[in-house]
Amino acid sequence: MLHLLSYLLSRGLATNKLIPEVLADGVTGLPKVTRNKCVEDCLACVHACPTDAITLKTVSPIVDRGACIGCNKCVALCPTGTLANDSATATYAYNREDLLVEAEQIKLGSGTRGGIFDGSMAVRVVSTGCSACDLEVAAANNPIFDMDRFGMQVVASPRFADALLITGPVPRAMHQPLLSCYEAMADPRIVVACGTCAVSGGVHRNGYAGANGVSPILPVDVFIPGCPPHPWQIILGLLAARRLTGRRRVTAGEGKANRSKALTGGEGI
Amino acid sequence: MKLEVLPLKLEERTTVVKEALDAGDRLGLITSIDGGQLLTLLLSPQMHTVTCFQTPIEDPVYHSITSLVPQAHWFERTTMDMFGLLPQGHPRLKRTHLHEPYAFEGAPLCNDVRDVDAHAYQFFDVEGEGIYEIPVGPIHAGIIEPGHFRFSCYGEIILNLEIRLGYIHRGVEKRLTEVPCHQARFVAEAAASDMPVANALAHVTAMESLLDFVLPGSCQFLRTAALEIERIAMHLSDLGGLAGDIGFLAISSSMARLRGLALRMGELLTGNRLMRGYICIGGVSMHSSSESRRELIKVAEQLKQQLEPVIDLYLANQVAIDRMEGIGKISCSLAREFGLVGVAARSSGISYDCRRYWSHALFPGEDFEISVEQTGDVFARAKVRIREIKSSLQLLMKLLQEPHAGPDWVPLPEELPRNSSAVGIVESHRGELIHLIITDHQGKIQRYCIKDPSVNNWTALAIAVRNNLVADFPLCNKSFSLSYSGHDL
């Protein structure tokens, strides 16, 4: 026991004191669009994107970060530097449309301070995917990132959770369990879609398993894109969720509509 | 490895498979291409050969081989789900992948619309005075993928555990036949993204064999490094999880810290903590400078140094050892019968490591020691992991100190050959991972089959927890380190 304690004391504090604004050098983030002009009829990025996240608007590309899996192929292929690597740690958005990034425009939500969970927030994590996001959510909890110090706790039941954090594309067999989990939460409550799959379905979108993300099933308050998002990006996304006021219980009609839509495998974005 | 598909008559199938397994072969997988045939993949590690048998089936009903070859049980159930092929005489025929919401649609990978048995799922009933059930899941208490466990208990003792999976069936195999083949690696990685390197490596190994292309060592060298870093990181995470389930939090958080170093190595090599998108057809997608490689060696040395005291403290704690010793035992004969792979097999005395037998990255050329334990309990699996972390670190340092000169990536043709098939077998941190690719007459991928190591090992968990305490279940579960998404695909 004494050996153990002396070892632990000798190791000192592992936790990073401040949340950095950008990720470490050489780390790949999500693509951003700069003001550099594209070569005419280039389309290299559009063809290279494995999830069709890039479209062209007149002359410059629009990147849908909610569909991007961060493979960085577009950045590597771009001849003019129009697409560049953005290693910012704040990547969350309050609206799905805000994840569509145009030239030098990254719309981060500007929720007002003083949300009801600003002191602390209990988070229930529901995984419906490939476990990369789960590893990173678990890492956000480890001694290095330590999200507990911001008052964010992962809890084991929806009954005492303020926020529901969902990873993965929510395939068909998970629709009903996810709805039950949401319904078991007391209101007001917040839904966070963590990772590109949860935001849009990612590489699984429009398959026969109905894995199109959280939006077709539940109303999402905060989107955290990335495949998987970095633990800092997850922590910042959750901090952003804390600034919200939370949703009231959906009316009976709304809930029913959602449920039947989910059970018939309703089409979403 | 390129495959030749040999015809095999349905009548002879049982004998051929049984004889091969008795002679020391492994059952790689059983599947179908479009529902009109059965494919049986037999691996012969000693001969370094893989044989693929194709058995045409006209009637969607065939004789199950499970009663003679127990390890076929899960494959036959999965084949029923995905292709509507009915194994007659299967002792526990239930669906594995498709849940009730799929009931009114046919089998998803079958060409013709074939109705699958759409009965509601029935759990195995244990009856008797004082027997009760504990249902757990699909959503679990921690941060973990979904799956349902049904315990039948007598007091605190587990009599039977039935595991129901398939909650995160995303249709990965189907999607892999739809996407252009140069983008398929991203989908292959997403099959189970806690082992993206292993999945990507199995994918490119199969693709490159299809293209009949042997890469220079310099392309393979960085892939080998990535695979070993992934093994180190995931084994550290599993050991930390084990300590956490015992309640030994000092070790569990120290392991999380060490894992941070392992992930930093991945970041230095590939720009991504989990090394996603790194391995691509023809080599690797990112050049690594000699500067970052030097930094990598530094971090590896740091990890080696910091690992020792944590392991020593872990193994010096009698309470921790008492909690692990004799819990969740799997005997060698059961491990063989159910075809276990990876750490689960090696801790039950089976010396099987794909890195010794099948060509992927620089293997089987690299020298390393296979870690084997005989007792088959939770402690044995922990010890195998500890030794594998050390040997992987050693291998990694050796690789980094003598880098192969040459290109990181070479361009390969994008068109796949027609009517051919190839297989990629990789030792992931969980064990034997198989990717099987079959192309049609136009050179398009007709069938892409992934056999995750967890497909073999989930059964081991159900066997291991029998007659153990309910409270020891999390420990047993963690010690096998099973993937839900890899199974559900």
Side-chain angles (χ1 to χ4, degrees), chain A residues 3-5 7-8 11 14 24 26-28 48 50-51 69-73 76 125-139 141-144 154 156-158 167-169 171-178 180-181 197 202-204 207-211 227-228 230 263 265, chain B residues 98-102 105 108 137-146 166-172 174-175 178-179 183 186-187 190-194 196 237 250-251 253-254 256-257 259-260 263-264 267-268 270-274 276-277 285-286 292 306 309-310 313 316-317 483-485 488:
Chain A
H3 283 299
L4 194 64
L5 282 176
Y7 167 75
L8 289 176
R11 299 291 303 129
V27 178
T28 315
T51 50
I69 56 167
C71 69
N72 233 20
K73 256 172 121 181
V125 181
V126 172
S127 159
T128 68
C130 68
S131 104
C133 289
D134 306 341
L135 284 177
E136 294 301 56
V137 174
N141 237 336
N142 77 11
I144 300 168
V154 176
S157 162
T167 66
R172 225 190 285 184
M174 277 309 286
H175 288 187
Q176 184 55 54
L178 182 61
S180 311
C181 183
C197 282
V203 290
H204 307 294
Y208 67 83
C227 188
H230 193 278
L263 293 181
Chain B
L98 304 186
H99 284 226
E100 285 78 12
Y102 290 90
E105 295 161 35
I139 302 176
H140 297 300
I143 307 171
I144 190 163
E145 298 158 273
Y167 288 93
I168 37 176
H169 176 65
R170 293 147 292 160
V172 169
K174 174 99 172 181
R175 180 49 55 90
E178 294 164 349
V179 293
Q183 289 176 354
F186 298 109
V187 186
S193 305
D194 43 6
S237 144
I251 296 298
S253 53
S254 298
R257 224 171 141 167
R259 178 165 177 267
L263 295 184
R264 179 70 193 141
E267 217 170 47
L268 282 167
T270 71
N272 185 304
R273 281 157 59 87
L274 301 177
R276 297 198 63 170
S285 65
M286 220 170 98
S292 70
Q306 295 183 15
V310 181
L313 284 168
N317 193 306
S483 169
Y484 300 73
S485 51
D488 294 352

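Naming: A, B, ... by sequence-line order, numbering from 1 per chain.
Contact detail for A/Ala132 and B/Leu274: the closest heavy-atom pair is CB-CD1, 3.8 Å. Heavy-atom minimum distance, A/Pro143 versus B/Ala256: CD-CB, 3.9 Å.
Using a 4.5 Å cut-off between heavy atoms, B/Pro138 contacts chain A through its side chain alone, with no backbone atom that close. Interface residue A/Cys227: backbone and side-chain heavy atoms are both found under 4.5 Å from chain B. Looking at A/Leu4, the atoms closer than 4.5 Å to chain B (heavy atoms on both sides) sit in the backbone and in the side chain alike. Looking at A/Val154, the atoms closer than 4.5 Å to chain B (heavy atoms on both sides) all sit in the side chain, from C-beta outward. In this structure, no portion of A/Ala76 lies under 4.5 Å from any heavy atom of chain B. B/Ile144 touches chain A through its backbone: at least one of N, CA, C or O sits under 4.5 Å from a heavy atom, while the side chain does not. Using a 4.5 Å cut-off between heavy atoms, B/Gln306 contacts chain A through both its backbone and its side chain. Contact annotation for A/Thr28: both backbone and side-chain heavy atoms come within less than 4.5 Å of a heavy atom of chain B. With a 4.5 angstrom heavy-atom cutoff, A/Asn141 touches chain B only via side-chain atoms.
B/Arg273 places no side-chain N or O within donor-acceptor distance of the main-chain N or O of A/Glu136, the cut-off being under 3.5 Å. Panel note: side chain B/Arg175, backbone A/Val203; a donor-acceptor pair is recorded below 3.5 Å.
Rounding to the nearest 0.5 Å places OH of B/Tyr484 at 10.5 Å from CG of A/Asp134. Atom SG of A/Cys133 is separated from atom CG of B/Asp194 by 11.5 Å, given to the nearest 0.5 angstrom. Remark: B/His169 NE2 to A/Arg172 CZ distance equals 9.0 Å, nearest 0.5 Å. Atom NZ of B/Lys174 sits about 16.0 Å away from atom NE2 of A/His204, to the nearest 0.5 Å. Residue B/Glu145 holds its CD atom at 7.5 Å from SG of A/Cys130, rounded to the nearest 0.5 Å. For the atom pair SG of A/Cys71 and CD of B/Gln183, the computed distance is 8.5 Å after rounding to the nearest 0.5 Å.
Between B/Ser483 and A/Ser131, the closest side-chain pair of non-hydrogen atoms is not below 4.5 Å. Between B/Arg259 and A/Leu135, some side-chain heavy-atom pair lies under the 4.5 Å cut-off. Residues B/Ser254 and A/Tyr7 meet the side-chain proximity criterion, which asks for heavy atoms closer than 4.5 Å. Side chains of A/Asn142 and B/Ser253 form no contact here, defined as non-hydrogen atoms less than 4.5 Å apart.
When the candidates B/Gly166, B/Ala191, B/Ser285, B/Ser485 are compared by the number of heavy-atom contacts under 4.5 Å with chain A, B/Ser485 comes out ahead.
If you look at B/Tyr167 and A/His175, their ring centroids are not closer than 6.0 Å.
When A/Ser157, A/Ser180, A/Pro158, A/Pro177 are each tested for a side-chain contact (heavy atoms from CB on, under 4.5 Å) with B/Ile139, only one passes: A/Pro177.
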